[in-house]
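Before any comments, here is the structure.
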Amino acid sequence: RVRATRGSAPSPLVVYGQATLAEMSSLIDDAGPPPAQPAPPVAATGPVPLTVVQRGFWFTHRMRPEIPPVWTAQIPVSGPLDPSALQQAVDWLVNRHEILQMRFGDHLFQERTTPSPVWIDQQDLSMWGQATQHQSLAERWRASVPMPLDGWPLMRVRVCRLATDRHHLFVTAHHIVADAWSAWILLTELLAAHDAFARGRVPALPPAPAFSAHLPKEEEGSGGFWGG
């Protein structure tokens, strides 16, 4: 509590060494005022350099553009899936995460673009039998997803409808914008946003950190942006 209100607190060993409450009170007063809070991160307004990890994926893609370094996450969704709410959720997700707004090209820089609605590939498999549905889902899971490095967005969303209350959601993203660790984060937020929009509400999630604010930390070796 002292640390929360004053910004710092004496260590337990120092506290235990005080014989009276007056001595302890004086010690707390000497802890000083809380430090000034840093300004909130500001999103990039111009080209910013690729991170060390992004450079690796940039070179990998340039060497083998026919096999882009992407990942695909698949999740079964039980219950109704509102196409309009899903579209809102996908666009909200892209607007939420600055890294998903980045464009790439022939140089080791990235630049934020103004997001436009992301097309969702919606496929109806409900007229097929269960065995055929499973085979089709497996084929879609293994299928290569074309993803030019200079294109946008570097994320693809596909929904396969199996029945009124059963769907499979596929999200594919280029490693240069989202690592495999982020798959769980993106899918969790996407489904939460869908449920909120389907109820006519705005998703109640805390602001996401700005990717460009992470760049200096990444260069210092503090780890991946998504936390992996």
Side-chain angles (χ1 to χ4, degrees), residues 53 56-57 60-61 63-97 99-102 104 115-201 203 205 208 224-228:
V53 174
F57 289 121
T60 299
H61 189 123
M63 289 187 292
R64 298 290 300 275
E66 73 280 5
I67 310 177
V70 303
W71 55 258
T72 297
Q74 176 188 182
I75 183 171
V77 181
S78 299
L81 197 64
D82 185 326
S84 176
L86 182 62
Q87 182 67 65
Q88 286 180 281
V90 171
D91 294 336
W92 171 88
L93 191 71
V94 172
N95 278 279
R96 170 176 169 78
H97 292 289
I99 183 62
L100 298 180
Q101 303 166 28
M102 291 297 187
F104 304 83
S116 56
V118 176
W119 178 70
I120 300 176
D121 182 10
Q122 305 209 32
Q123 301 178 357
D124 190 353
L125 311 182
S126 61
M127 73 290 295
W128 297 350
Q130 191 173 51
T132 306
Q133 286 180 342
H134 288 169
Q135 180 181 353
S136 179
L137 291 174
E139 290 173 352
R140 284 162 172 75
W141 169 259
R142 294 190 299 266
S144 175
V145 179
M147 199 169 293
L149 188 58
D150 58 355
W152 189 90
L154 293 183
M155 181 179 75
R156 304 285 188 270
V157 180
R158 174 186 294 166
V159 178
C160 292
R161 180 177 182 268
L162 307 182
T164 304
D165 58 351
R166 288 193 306 118
H167 300 77
H168 269 250
L169 179 64
F170 294 83
V171 175
T172 301
H174 199 293
H175 277 284
I176 204 169
V177 297
D179 56 26
W181 174 267
S182 65
W184 180 86
I185 297 174
L186 294 175
L187 286 172
T188 299
E189 292 185 354
L190 180 61
L191 293 176
H194 166 270
D195 291 347
F197 285 123
R199 292 179 172 86
R201 302 172 184 169
L205 291 177
F225 171 67
W226 293 101

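Computed from heavy atoms alone, side chains included, the values below leave out hydrogens, waters and symmetry copies. All values derive from a computational prediction rather than experimental measurement.
Not a single donor-acceptor pair under 3.5 Å links the side chain of Arg64 to the backbone N or O of Thr60. Between the side chain of Gln133 and the backbone N or O of Leu125 there is at least one donor-acceptor pair closer than 3.5 Å. In this structure a side-chain-to-backbone donor-acceptor pair under 3.5 Å is missing from Gln135 to Gln130. Between the side chain of His194 and the main chain of Asp82, a donor-acceptor pair closer than 3.5 Å is present. Looking at His174, its side chain does come within 3.5 Å of a backbone N or O of Ile176 through a donor-acceptor pair.
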* Evaluate the side-chain contact (heavy atoms from CB on, under 4.5 Å) criterion for residues Leu186 and Leu100: first the C-alpha distance (whole Å), next the side-chain angles of each, then the deciding distance (0.1 Å), finally the verdict. => CA-CA 11 Å; Leu186 294 175; Leu100 298 180; 4.2 Å; yes
Q.
Apply side-chain contact (heavy atoms from CB on, under 4.5 Å) to residues Leu149 and Phe57 and explain how you reach the verdict.
A. CA-CA 10 Å; Leu149 188 58; Phe57 289 121; over 6 Å; no
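Here the shortest heavy-atom pairing between Val94 and Gln101 reads O-NE2, 2.9 Å. Shortest non-hydrogen contact noted between Met155 and Val90 is CE-CG1, 4.4 Å. Heavy atoms only, all atoms of each residue included: Ala178 and Trp71 are closest at O-NE1, 2.6 Å. Looking at every heavy atom in both residues, Pro115 comes nearest to Trp152 through CA-CH2, 3.7 Å. Between Pro148 and His61 the shortest heavy-atom distance is C-CE1, 4.2 Å. Nearest heavy-atom pair, Ala73 versus Trp141, reported as atom, atom and distance to 0.1 Å: C-CZ3, 4.0 Å.
Distance CD1/Ile75 to OG1/Thr188: 7.0 Å, rounded to 0.5 Å. Interatomic distance, Leu86 CG to Asp195 CG, rounded to the nearest 0.5 Å: 10.5 Å. Rounded to the nearest 0.5 Å, atoms CD (Gln123) and OG (Ser136) are 7.0 Å apart. A distance of 5.5 Å separates CG of Leu137 from CD of Gln74, quoted to the nearest 0.5 Å. From Asp91, atom CG reaches atom CD1 of Ile120 across 7.0 Å, with rounding to the nearest 0.5 Å.
Ring-plane geometry between Phe197 and Trp92 is classed as perpendicular, the angle between the planes exceeding 60 degrees on a 0 to 90 degree scale with a lower cut at 30.
With sequence neighbours excluded, the residues that form a side-chain contact (heavy atoms from CB on, under 4.5 Å) with Thr172 are Val70, Thr72, Val145, Met147, Arg156.
The environment of Trp184 atom CH2 is sparse: at most 12 non-hydrogen atoms of other residues, nucleotides or ligands sit within 6.0 angstrom. Environment of CD in Glu66: crowded, with over 12 heavy atoms of neighbouring residues, nucleotides or ligands closer than 6.0 Å.
Between Val77 and Val159, every side-chain heavy-atom pair lies at or beyond the 4.5 Å cut-off. Side-chain contact between Leu169 and Leu191 is present, with heavy atoms from C-beta onward closer than 4.5 Å.
Among residue pairs with one or both ends in residues 157-171, those qualifying as salt bridge (Lys or Arg N to Asp or Glu O under 4.0 Å) are Asp121-Arg158, Asp124-Arg161; sequence neighbours excluded.
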